[in-house]
Amino acid sequence: IVIDDLKTLLCPILSFWGDVLCWRRWGIALLMFFLLMLTSVASTMAFLLECCIDSSGAHIAKAAVRSIMVAVKILLAVAVFGVFLRRARWFVPMRSLFRTCWRYVFHRRLAPKIWPFFRGTGETPKPK
């Protein structure tokens with residue numbers, strides 16, 4: 001019974017991460033790639049900064065390392081928002097309401113105006 005419980009618990013999680021690592025879920029894999037790449041670049045720049053601390057470009061390197069680390073933190077926060085908060089039970093109605101408002105404002109229906117049988121008898125179709 002314990003093994004069956006473990007299988008039902010672990011199989012979906014392992015399948016999800018397998019899909020991410022095989023690039024079947026390319027959005028998450030791409031985000032992870034960019035996070036790891038930014039961290040790697042920031043670490044390399046920090047190492048070079050320590051090696052040549054007396055150089056004239058040290059302040060530029062410090063600013064670049066700081067900005068890359070801030071970017072990594074922002075991307076990590078976006079990833080946490082996307083994974084955890086997007087599927088939260090309380091966030092689903094808010095997302096639906098936002099989607100409804102978005103469609104109401106930007107995706108107006110045009111169907112009755114362009115249907116040929118909906119026009120009156122005296123109206124002629126407008127040339128395109």
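Hydrogens, waters and symmetry mates are skipped; everything else that's a heavy atom, side chains included, is used.
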Open item on the list: Assigning hydrophobic clusters by single linkage (Ile, Leu, Val, Met, Phe, Trp, Tyr; side-chain heavy-atom cutoff under 4.5 Å), is F33 placed with L21?
Closed with: no

Open item on the list: Given 3.5 Å as the limit, does a donor-acceptor pair link the side chain of S96 with the main chain of V92, or not?
Closed with: yes

- [ ] Check the hydrophobic clustering (I, L, V, M, F, W, Y; side-chain heavy atoms under 4.5 Å; chains of links allowed) and say if L31 and L38 are grouped together.
- [x] yes

TODO: Indicate, with yes or no, if L14 and M32 share a hydrophobic cluster defined by side-chain heavy-atom contacts under 4.5 Å among Ile, Leu, Val, Met, Phe, Trp and Tyr.
DONE: no

- [ ] Hey, could you give me the CD1/CG distance between I74 and L35, rounded to the nearest 0.5 Å?
- [x] 11.5 Å

Atom pairs and distances, side-chain donor-acceptor, residues 64-72, under 3.5 Å, sequence neighbours left out:
unit_1: S67; atom_1: OG; unit_2: A63; atom_2: O; d: 3.2
unit_1: S67; atom_1: OG; unit_2: A64; atom_2: O; d: 2.9

Task: Joint hydrophobic cluster, F98 plus M94, side-chain heavy atoms closer than 4.5 Å - done: no

- [ ] Just jot down the side-chain hydrogen bond (donor to acceptor under 3.5 Å, both in side chains) partners of R24, sequence neighbours excluded, or say none.
- [x] D19

TODO: Please list, chain by chain and in numerical order, all residues satisfying ring pair (Phe, Tyr, Trp, His ring centres under 6.0 Å) with F16, sequence neighbours excluded.
DONE: none

TODO: Quick one: pull up CE in M37 and CG in L30 and give me the separation to the nearest 0.5 Å.
DONE: 10.5 Å

TODO: Give a yes or no on whether V78 and I28 share a hydrophobic cluster (residues Ile, Leu, Val, Met, Phe, Trp, Tyr; joining criterion: side-chain heavy atoms under 4.5 Å apart).
DONE: no

TODO: Please check if the side chain of S40 supplies one atom and the backbone of L36 the other of a donor-acceptor pair under 3.5 Å.
DONE: no

Open item on the list: With a 6.0 Å cut-off (strictly less than), is the heavy-atom count around CH2 of W26, excluding the residue itself, greater than 12?
Closed with: no

